[in-house]
Amino acid sequence: MLIVLLTYAVVAVVCLVGHRRSDSWAFPVSVLPHAVGFVWLVSVAPGVLDGTPLVASFEWVPALGLSVDLRVDGFGLLMGLLVTGIGALVSIFSVGYFPATTDRARVAGLLGCFAAAMLGLVWADGLLTLFVFWELTSVASFLLIGTDDRSATARAAALRALLVTGAGGLSLLAGLILLGLAGGTTTLSGLVTADPTGGVVPVALVLVLVGTATKSAQFPFQFWLPGAMAAPTPVSAYLHSATMVKAGIVVVARLAPTFADVGAWRPIVVVCGVGSVLLGGFRSLRQQDAKLALAHGTVSQLGLITILVGLGTPATTYAGVAVLLAHALFKASWFLAVGAVDHATGTRDLRRVRGVRRSAVLATGIVLAAASMAAVPPTLGFVTKEGALEGLLEGGTGWPGALALVGVVLGSVLTVAYTVRLTVGLLGDAPHDPATDHAGGHDHRPGVLLVVPPAVLAVLGLVGGLAAGPVGAWLARVAASLDPASSDGALYLWHGFTPALGLSALALAGGTALWWATRSATATTDAPRSLSTVGYDRAYEALLVGSRRVTGVTQSGSLPLYLGIVLLTVAAASGTAMVVSRDWFDWATVPLANSPLELVACAATALGAVAVVLARQRFGAALALGGSGYLLALVFLLQGAPDLAVTQFLVETVTIAVFLLVLARLPQRFSGAPDWAPLGVRIAVSLVVGLTVAGFALQASTARTEPSVAEEYVARSEPEAGGRNVVNVIIVDFRGFDTLGEITVLAIAGGGVVNLVAAARREQRRKQLLDGADVEDLSGRAPEVWR
Amino acid sequence: MSLAQAALIAVLFSVGTFLVLHRSLTRIILGVGLLGNGVNLLILTSGSVPGDAPILGEGATDLTDPVPQALVLTAIVIGLAIVAFLLSMAYRSWTIDGNDVVEDDLSDRRIAAEPDVAEDFGEET
């Protein structure tokens, strides 16, 4: 298992790194890991299908209990075979498809990365492992859709796919974590065994379903998938029809047998599924681009598979696995065939394609794939569709099951109609149009590499149908890994005149009739944009514009305004808290002043502070600040804090000295008044802040409920530290580390000052030199020094 | 705490706030200095009642609480560091443009002026 993943990794790295000179080798080489993986899976298949899954677990973050848990069971085996098998054919196809102008090594390397991530996803057992691989496939898909990075359309489509699937991935993660917590487990297999109920489980399941719906392009998140057709056709065939879009189905399939009865699971699965089936089929009928028509068809088919595996009964689970296989074969075949047509004729427009019939192999492949897609006997598409209808007819799931049956039958009608329309459009000859015929030297027969892979897949679909018995039995062993009760499932090419056969015939007849009735109406018009796409674009645009508007309103760029808002918020919040608490201090306990001298000192300090504002010149303001500071030292002293008074006195002296040094340089008067708010507002803000703080101070000083820790310090000061000045003892002894931190801050600030002054000196010297230089000379040819 | 002290705190904070809301860096620094003084007074007066200096062995009995004093002592010194650093920034600002005005953020202004200019989304497929 690990060797397979490592092979992918090595080849991907070689492709992504080693394409300096030529890259024609990239796609041939990229077949190798697919082949290794496929052969390995075939070799382990018998044991796995007998019910002994291969398990591998690697410690990831042991401290957090995180590990990478991989587990290949029957379903993982089937998905692995699809990923590697179709991957190999897509790689072979790509050799012939991509022109030398494409960065082939990049595409090949990314496809390898994607395949490895996809294998990890389908084999993941750990819930977080699943999520990680899930997101890796999203990222690979983003990069591959955006292969043509010069096209704005491709970039937008890639981004849209990433945003939708990425957001869904987060939803999935939340759901998985909740499920894991509820079940007390970190693995999918453990979750199925634990079967947690109640509490958050229904919510978690909805989150999981949102995630799977985004990934599998289910209504209402289906809109990213048609956009993803901006990717090269092999990429679309591989990621967006056969493998990645099945990721959501993989998760649904693993959980449904256990959780389908819980909460809103079945209604959500069926409503989203039927919505996708009908919407996808309907929109497919209206596309002129064959590839887009296929993409909408994929949405429809994915809806069908989601319904089947999501209903969670043994019969539908079995049918879902079968349809999944059939769909992967015929849809990848279709995409590759359309890619070949595009390559050969230069267009995918159903109104213009001509001459496809000249390549018999390609035409045969298209017809066979079409037969399987439209569920025409005796193809695999037919026998699996029969199985699906039988599973749905079995019932037992209430109204969701009935709704699903109606939706699937209507969807089958639409499927037949768009399949016939596509087939006729591709194989029929459009009328000659001088404007487009032979444009750009196209219109040649496609090469062998382009026609064989789709034909192989299409033939497999036919063989699978003819060998319905053995294939059905094999699929039963696969489905048994999801739900042991599915092990008696079987596929029949013919099992008598049953209601399912009647519905199949109805779908074929109705679909053909629908195509005939609408063929002229859908022949010319281009399809309008879907509502979901419009909605997504509007939401995305509104988010960007809205965030810029919010930025514009909140970020005016004015620092004083920001500061004012911050201060006002602080004052308003704490002021409101004080008013609301009603736990007011008692005014009677607060004296006017502790001593007459204190009253005088406080008044003088306040006057000094006001003088700082009123001063018109910088010197005067600085001196007023110093005076206010000196008087504050007196207030400290009266409070019984001589150490503070001394420190304040010294510090104020140094501050004034520094002020005067700097102010000697600056203009004498202050620059213009601030313009962000009128004077009255600024004064009001200041008063609110000041009064709130004062109120807080009064409140806090009367709010003591416990004795101060000081008693301890006072008691220990002499015996333990040998000092009598308790404040000094606290600073240098009891709280010595705080003081160390303080000194560090001082040192950092000192370093900053030294650097700033040094930089300012350099600047000044430069200016002086500039002033001395010839101005004209500078504007023209600056001396070498200034360059 | 007395009303006189509370009133002084109110004045120091009001004046300090008024000053830091200016554009002149010198005035902002003056405001920071006054705010620092106000904070120190706030901590000291709301955390302790006036009494004798907390120095042992001199017969004093009514010692005031030494803990707020220790905190404020540290804060005074840090306040000096801040003011000195800001002043050197003002000096640097002067060497660049001859004054010490705090300008608006230009890119913020641009966004505020044209909030509706959104990115190019590309065409729809």
Side-chain angles (χ1 to χ4, degrees), chain A residues 152-153 156 227 529 544-545 548-549 551-552 555 557-560 564 591-594 599 602 606 609 612 618 625 632 639-642 647 651 658 662 665-666 670-671 674 682 686-687 689-690 693-694 697-698 700-701 708 710 724-727 730-731 742 746 749 752-753 756 760 763-764, chain B residues 1-4 6 8-15 17-18 21-24 26 30 33-34 37 42 46 50-51 53-57 64-67 69-70 73-74 76 80-81 83-85 87-88 91-92 94-95 99 101-102 104-105 108-109 111-112 115-116 118 121-125:
Chain A
T153 316
R529 298 170 63 189
L544 288 186
V545 174
R548 288 178 71 87
R549 280 204 183 132
T551 307
Q555 307 284 303
S558 163
L559 285 177
L592 176 64
N594 295 309
L599 188 62
C602 285
V612 177
R618 294 176 200 257
L625 177 71
L632 187 67
Q639 184 77 4
T647 314
V651 161
V658 178
V662 172
R665 308 282 188 177
L666 288 166
F670 291 111
S671 37
R682 284 182 285 131
S686 308
L687 286 179
V689 172
V693 174
L698 284 168
S701 67
S708 167
R724 290 182 173 177
N725 185 332
V726 185
V727 176
I730 291 175
I731 285 180
E742 174 201 354
L746 270 183
V753 170
L756 282 168
E763 180 92 12
Q764 245 187 313
Chain B
M1 165 174 281
S2 67
L3 280 181
L8 177 55
I9 290 171
V11 170
L12 287 174
F13 267 89
S14 298
V15 171
T17 304
F18 183 75
L21 294 181
H22 277 75
R23 282 190 186 279
S24 160
T26 311
L30 291 167
L34 287 175
N37 285 348
L42 170 71
S46 62
I55 297 170
L56 304 172
T64 186
D65 193 331
V67 176
Q69 292 194 25
L73 195 67
T74 308
I76 291 174
L80 167 69
V83 168
F85 184 75
L87 275 170
S88 57
Y91 177 59
R92 178 87 179 92
W94 166 75
T95 58
N99 212 328
V101 177
V102 179
D104 278 355
D105 187 324
D108 276 345
R109 278 246 115 102
I111 291 175
D116 293 341
F121 293 111
E123 278 171 49
E124 188 47 44
T125 45

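Each chain gets a letter, A, B and so on, in the order its sequence line appears, and its residues count up from 1. Computed from heavy atoms alone, side chains included, the values below leave out hydrogens, waters and symmetry copies.
When all heavy atoms are compared, the tightest approach of B:Pro54 to A:Val727 is CG-CG2, 3.6 Å. In terms of heavy atoms, B:Arg92 sits closest to A:Ala760 at CD-N, 3.9 Å. Taking all atoms of both residues into account, the shortest heavy-atom contact from B:Gly33 to A:Leu625 is C-CD1, 4.3 Å. Contact between B:Ala6 and A:Ala694 at its shortest, heavy atoms only, is O-CB, 3.5 Å. Taking both residues in full, the closest heavy atoms of A:Pro560 and B:His22 are given as CG-O, 3.8 Å, listed atom of the first, atom of the second, then distance. The two atoms that bring A:Ala609 and B:Val15 nearest to each other are O-CG1, 3.4 Å, heavy atoms only.
Listed options B:Leu12, B:Val83, B:Asp65 were ranked by heavy-atom pairs under 4.5 angstrom with chain A; first place goes to B:Asp65. When each of B:Ile76, B:Leu56, B:Thr17, B:Val11 is checked for heavy-atom pairs under 4.5 Å with chain A, B:Leu56 comes out on top. Per-residue heavy-atom pair counts under 4.5 Å with chain B were compared for A:Gly752, A:Ser708, A:Cys602, and the maximum is reached by A:Cys602. Among A:Gly564, A:Ser686, A:Pro591, A:Ala593, the residue with the largest count of heavy-atom pairs under 4.5 Å with chain B is A:Ser686. Among A:Val693, A:Asn725, A:Ile730, the residue with the largest count of heavy-atom pairs under 4.5 Å with chain B is A:Val693. In terms of heavy-atom pairs under 4.5 Å with chain B, the best-connected choice from A:Val651, A:Leu599, A:Leu559 is A:Val651.
Both the backbone and the side chain of B:Leu34 come within contact range of chain A, judged by heavy atoms closer than 4.5 Å. For chain B, the nearby parts of A:Val753 are the backbone and the side chain; heavy atoms of each come within less than 4.5 Å. With a 4.5 angstrom heavy-atom cutoff, B:Thr64 touches chain A only via side-chain atoms. Residue contact with chain B, scored on non-hydrogen atoms closer than 4.5 Å, involves the backbone and the side chain of A:Leu592 alike. Using a 4.5 Å cut-off between heavy atoms, A:Leu632 contacts chain B through its side chain alone, with no backbone atom that close.
One finds the CD atom of A:Glu742 at 4.5 Å from the OG1 atom of B:Thr74 (value rounded to the nearest 0.5 Å). Atom CG of B:Leu3 is separated from atom CG of A:Asn594 by 10.0 Å, given to the nearest 0.5 angstrom.
Residues passing the side chain to side chain donor-acceptor pair (under 3.5 Å) test with B:Thr26 are A:Arg618, B:Asp100, sequence neighbours excluded. Residues that satisfy the side-chain contact (heavy atoms from CB on, under 4.5 Å) test with A:Val658, not counting sequence neighbours, are A:Val654, B:Leu87.
Proximity of B:Phe18 to A:Val689: side-chain heavy atoms (C-beta onward) are nowhere separated by under 4.5 Å.
A side-chain donor-acceptor contact under 3.5 Å links B:Gln69 to the backbone of A:Gly640.
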